[in-house]
Amino acid sequence: MKKSKKNEEESILAAAKRGYKTALEVGNHQEEARWANVVGDIYKNRGEYVKSLTWLRRDFDVSNKYLIEKDLLPTCQSLGEVHLRLQNFSDALLYQKKHLDLAKDTDDLVEQQRASTQLGRTYHEMFLKSDSDQTSLRNAKKYFVQAMKLARTLKESRRSNIPNNTFVKEYIDCHNNIGMVEMDLDNLEEAEKVLTKGLQICDEEEVAENNDGRTRLHHNLGNVYMELRKWDKAKTHIEKDIVICQNIGHRQGEAKGYINLGELHYRVQKYADAQLCYQRAMNLAKSMDDEHALVDQINQNIEIVKEATKVMEDLTKEEQNLKKLTRNMVTARGTSGERKCLLQQNASLDRLIEKSSTIFAWKKHCEFAKKKKKIASELCDQEKLGDSYLVIGEAYQKLRNFNKANKWYHKSWETYKCIGNLEGQALAKINLGDVLDSVGKFEDALEAFREGYRIARKANLVSAQLSALENMHYSQMIRFDNAEEARKLQSQIDKLKQSSSEFEGVNIPRESCSETDTEGDDDDDDDDVVLMKSDSPKLNASKSYENDELVDDDDVPLVSLRHSKGSQVRKQTKSPEATPSRKRGRLVLSDDEEDFMEEHVGTSTEFKSHHLNTRVDELQDISPLASKSAISASSPVHLEACSSSHKSRSSKPSTPAQDFICSTIPFAVNSLKHDAGVSASICHKNGPSGPIFDACDDESCKHIIFKVEDDFVHIEPRSCKFGDKLNMELLKVEVACLYFLKLYKENRSTGLLPVIQHFKCGGEVVESLDMLNSPEEDYMCGKCWVEVSIDRWVVKRLMKLYVDCCNDLSQPPNLILLKKLYKLQVSEDEIDASDCGLEDVPAAPLLNALKLHMTIAALNISHNSLGIDSMEKLTQVFMSSNQKFGSLVLDLHCTGLSQTSLNKMCECTELLSRLEVLNISGNRLTDGSASQLSTILQNCKGLYSLNIEHCFLTSRTIQKLTNSLDSGSLLEELFIGYNSPISGNAMIDLFNKLATLKSFSKLSISGIELMCEDANDSLCNLVTTARLSELMIGSTNIKTEGAIHLMDSWNRANHQLVKLDFSCCSLTSKYIFKLITYETPVISRVIELNLEGNPLKQEGGIALASLVENPCCRLKVINLSKCQLGLTAVVGILQALADKASVEELNLSENALKDEYNTLVNGDLFELEVADSEGEEDELANEKPCVDDLDKGSMNSYQSESKSTFIQQLSSAISMAKHLRLLDVSNNGFSEQVGETLYNAWSTDLRASLTTGRLIEGKTIHLSVEPNQCRNIKPCCVSRS
């Protein structure tokens, strides 16, 4: 039967393709688009999404070019859905919003409903993928509510052209979607009500039993009841879901059903049954093409169940141990060993409690906790008794028995109060608030959180303070919709997190350096008022889904969508056993009340937080991804905010705050008072680099005090480090900038800044800053000062103007920007203000200063969030300038540039007349900006470089740009990569036009697929005629044959290609062998080569080693990340660089084969030599030692020796590659300990004259030499020169 069904599908597909071919031949565009859509839909239903996308793009291209807008509706809908299934969220949203706009323009309610549903699905999938993207969840609910209203309207419509029962299915699906969102918000009772209503509608409308709408409702009801711990109901609905999916042949839905059933078995500790369910799900997922995300999720769940099985085995063993200790207690009663035996039982119970919470065995957890209570009573230990009450309360809370949880948390609090244990009181109050919130007593819960915070603050418990503040923030934000209070609480949370990170391991939340003594008093008093005031807030009222006002803004606060029942989005229950609830995202209110950012609340030690990706929510036939185990994002912290703003408890007299200026600027510059200077007698008494009064009473402070002439500058040195070392030049710049801010306003008026010659400590010139880090010295503690010697003074007019404008607008200067403006080697007409955290208001002083400065040759304000107002001011800067001649370089990438802002640029003739370089990549411009871009190309006669990558442009814009070019254009560089969809014809026209330009030399089309052979031929022609020096064609699907064809064309052209990017082009080792075989070595004319993400494998690695060893090789930068080379090839390539002076940067990350590192450690290592033939390679492979020949007694010794041998080889190769300046060997299975060993080899005598740096975190291992710092440059900001 299945075979006949498959044959039937194939015949339908063949007929559809014949229909498409016939329509194409006769030129019937209407039929051509329709048949392409049919073929794409068939592939989509079969799970072959990539093929589906190819056909649907044909449909879109034809419809967009020849048909009316209304005909674009079905193709936009289909493209949006396929992109969604492929997890291409940005593309999915692009087509879905276009679908919705077209539907609104044509007043088509049916298509509006479909588009709204699809948008809701995409936003919901984005939330599932991120695990804490509350903004996407908010948008998902908004569109789902909108879709429900439209479906209800259409269902009840009596218009003759719409049958009454047409939209029953859509109306049912709307209940499913909204129920699922309520479940994600942990409004479980509300979700149950909505989903149950969906099933009632199915029965009322007599929907067939085997209906896909029913299966989704059963699926999600199974999830709801699972969370409510109603196992029988959950199992009933999940099994109904699986049966219906089997009957209708919905393999994807059936797989998800088995995943849910496996989760159910996992929750009740039936791990064998869970494994069987996951295995069935895996078989189904593998039978479908392009369901890689589902397969990965199932694999992850299988691994987690295996680990849970081990934990259960350990728990069983520990139970046996407890029984043994209990038996021993019978004989120990009344003896001296009684207490010891009781303590052993207590320790055993602690281990059992931890293991049971890890696998969610909450009934056992409760049982062990009660036994712990009994033991604590016998020990007469009130603290242990309080701990046991707390753990019992946690168990009942997890079992959703909130009344008993309330009772035991109260007992715990009372016990801790009796013995004066403040930590226990704080934890009990916070957990009690959590329970009260779960039963809807929101005001009582908030009061409990406040009390917990008060106690935690009194005891200086930073973690408990954070937990209480986060719960209070949640209550104000979600329960009471009090944005102002939530904002103040967020400020407190940020302050506390900042202080705790600065004073790591020390509970000093209110102590700091003496220079902040005058700042913190008022703030802390205000905070007390905020946190302790007891005004009763007003609760949010629940709203009906079908009667809500529709909101068009995607940034409406989520509080308006939240219901009032049972959420745990922010909760983190803490106990002495350290088993907090699983991590959830917490909403953070930004300066703009409609902008939200997610922030990590905390990670759980529970087993689930790894994270068992079991709950597979179904959104009308969607494949969800596995949730991430941890997502951490934090609000941006500007350096203008003070890093230590707490009150000092020191009662000693100290220098006033104005005597020092910190490297952070918490106040306006015009408020800085000139210090009368340190008394000459005291300075003379202490001598050079002597102590300054009581400069800082906090032993944990890491500040350096510099004496500049008669003033002092206070530096927190973290911002002046290269890798893990202090950088002398960065430190000099920061001292100079902060000293300039300290001068009287009249002294600053000249714009003179010091150029620091050197630092002195103890009368001697500081050659290295390592001595400042020495534990024997007091410089890092602010106990001694460092003398500064000034070489000369330089005029920095723009910097002076900027500071003056900050004063005029009462804004603090941006320290990052100040340091950029200070750069001595850069002309003041070349302004770099990139990545300074500027927004419209903070950018105003800079723009005002530029207007006064008058002359600008280059301006880089990338990676700042600038709005229309800032762009208008920028155009005014150029309009008011007297500059009529001279080139202009303008970098506006990743600034939020809009079409309106681009239009303002086009209206500024003064700007266009001078513009030579324009970078506006990374901005959401879309095809609406095509006219403005065309105007820029036509009117900027001197423009030689244009970058519009990542701008959501399509063939329409590329065609307009092509038409705007003529043979007289001076354009030399064009970057259009990562825009889609762009047709092959549009690329052919562009290549042909570029070939006519006289000086064109650089092209980037990365991310644009070159599907047709004609496009490849046109590109080869361009390479030959235009004499390109840089070519970036990564992710273009050009493949090995296309790349070889391209290299042949370039070889015939015989000119230098500085940069070549073939990343992610499916190249094989055949391409590397071809590079070697050219008579005139092609590689001698390439400086930078990027082969990232190509499956070159081990044979390619051996060939690469030969390639870089070639004397003709002139490569300086090589990227071989993710090329499946294997570690032996990695060592071989590094060994080949021993005497190679040209290669300076090398990326070998993620090249270890599966379990290769462990295999090498276990004795399978062999010395890699560069083989000249296959025979020699095989011969080398046969020389590896045989582990089986070793006796068991020497196995451990041999493994240690093998590991040492391999690491020694790798270290030796790194050490000998002395010309390397940047090396990345991340994600190759190396531990941090191995990373430190490699860094020691990197820092050998061969690089002794250079400053080396490293970034070793987890699996990341970056080794560098100044100034090639590992993570100080964004990928989009790498120089293209």
Side-chain angles (χ1 to χ4, degrees), residues 47 128-129 131 180 183-184 188 195 215-247 250-288 291-313 315 356-364 398 582 604 606-619 621-629:
L128 289 179
K129 186 176 180 182
D131 196 44
M180 188 163 35
M183 187 165 42
D184 288 324
L188 299 178
L195 294 169
T215 186
R216 285 187 283 274
L217 292 167
H218 285 303
H219 180 100
N220 289 318
L221 269 171
N223 284 328
V224 170
Y225 286 124
M226 202 187 309
E227 294 299 325
L228 291 171
R229 301 184 63 83
K230 298 179 180 179
W231 309 121
D232 291 337
K233 285 188 175 182
K235 187 177 181 183
T236 299
H237 285 285
I238 292 171
E239 288 176 345
K240 285 183 179 179
D241 168 33
I242 293 172
V243 170
I244 296 173
C245 287
Q246 287 174 343
N247 293 339
H250 185 9
R251 287 178 294 172
Q252 185 194 57
E254 186 179 354
K256 294 175 187 177
Y258 277 116
I259 291 174
N260 269 11
L261 192 57
E263 158 72 347
L264 176 62
H265 290 308
Y266 169 82
R267 292 280 190 93
V268 294
Q269 292 79 51
K270 295 182 178 179
Y271 299 127
D273 293 340
Q275 288 279 25
L276 287 174
C277 291
Y278 288 139
Q279 194 56 54
R280 290 182 182 178
M282 178 66 77
N283 295 337
L284 288 163
K286 286 184 175 180
S287 69
M288 297 178 284
E291 284 290 356
H292 308 300
L294 198 59
V295 171
D296 291 343
Q297 177 188 349
I298 297 166
N299 276 324
Q300 190 176 1
N301 290 351
I302 290 172
E303 291 302 315
I304 290 174
V305 171
K306 288 179 181 177
E307 291 296 322
T309 305
K310 294 178 183 177
V311 174
M312 178 58 82
E313 290 172 357
L315 187 145
S356 59
S357 64
T358 298
I359 57 174
F360 303 118
W362 296 114
K363 288 185 177 179
K364 279 187 171 291
K398 298 297 183 182
R582 66 180 178 178
S604 172
E606 288 190 30
F607 186 74
K608 182 68 174 237
S609 69
H610 272 207
H611 177 286
L612 185 58
N613 305 296
T614 51
R615 193 172 68 72
V616 186
D617 298 329
E618 285 211 3
L619 274 168
D621 205 23
I622 177 78
S623 299
L625 282 180
S627 301
K628 295 181 180 179
S629 61

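Remember, it's a predicted structure, so these values are computed and weren't measured experimentally.
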Inset, instruction - State whether Arg251 and Glu254 are salt-bridged, where the test is any N-O pair (Lys NZ or Arg NE/NH1/NH2 against Asp/Glu carboxylate O) under 4.0 Å. - result: no
Legend entry - Full working for side chain to side chain contact (heavy atoms under 4.5 Å, CB included) between Ile242 and Ile238: CA-CA 6 Å; Ile242 293 172; Ile238 292 171; 4.2 Å; yes
Legend entry - Closest contact, heavy atoms only, Ala255 versus Leu284: N-CD1, 3.7 Å
Legend entry - Met312 CE to Ser356 OG distance, which is reported to the nearest 0.5 Å: 9.0 Å
Inset, instruction - Any chance you could measure Leu195, atom CG, to His219, atom NE2, to the nearest 0.5 Å? - result: 10.5 Å
Legend entry - Residues in ring pair (Phe, Tyr, Trp, His ring centres under 6.0 Å) contact with His237, at least two apart in sequence or another chain: His218, Tyr225
Legend entry - Note, Asn247 side chain near Val243 side chain (heavy atom, < 4.5 Å): yes
Inset, instruction - Check the pair Lys235, Asp232 against side chain to side chain contact (heavy atoms under 4.5 Å, CB included), reporting the backbone distance first and the verdict last. - result: CA-CA 5 Å; Lys235 187 177 181 183; Asp232 291 337; 5.8 Å; no
Legend entry - From Met180 atom CE to Arg216 atom CZ, the distance as rounded to the nearest 0.5 Å: 9.5 Å
Legend entry - Pairwise side-chain contact, Trp362 with Arg229, heavy-atom cut-off 4.5 Å (strictly under): yes
Inset, instruction - State which residues pass side-chain contact (heavy atoms from CB on, under 4.5 Å) with Val295; sequence neighbours excluded, sorted by chain then number. - result: Met282, Ala285, Lys286, Asn299
Legend entry - Sub-4.5 Å side-chain heavy-atom contact between Leu261 and Asp273: no
Legend entry - Shortest non-hydrogen separation from Gln269 to Ile359 and the atoms involved: NE2-O, 3.1 Å
Legend entry - Pair Lys310 + Glu313: basic N to acidic O under 4.0 Å: no
Inset, instruction - Verify side chain to side chain contact (heavy atoms under 4.5 Å, CB included) between Trp231 and Arg267, making sure each step is shown before the conclusion. - result: CA-CA 9 Å; Trp231 309 121; Arg267 292 280 190 93; 3.8 Å; yes
Legend entry - Spacing of His250 atom NE2 and Ile244 atom CD1 [to the nearest 0.5 Å]: 11.0 Å
Legend entry - Rounded distance (nearest 0.5 Å) linking atom CG of Leu276 with atom NZ of Lys270: 12.5 Å
Inset, instruction - Starting at CG of Asn301, measure out to NZ of Lys306 and round the result to the nearest 0.5 Å. - result: 12.0 Å
Inset, instruction - Please name the pair of heavy atoms, one in Thr309 and one in Tyr271, separated by the smallest distance, quoted to 0.1 Å. - result: OG1-CB, 3.6 Å
Legend entry - Asn260-Asp241 side chain donor-acceptor pair, cut-off 3.5 Å: no
Inset, instruction - Please name the pair of heavy atoms, one in Gly262 and one in Ala274, separated by the smallest distance, quoted to 0.1 Å. - result: O-CB, 3.5 Å
Inset, instruction - Evaluate the side-chain proximity of Tyr266 to Cys277: yes if any heavy-atom separation is below 4.5 Å, no if none is. - result: no
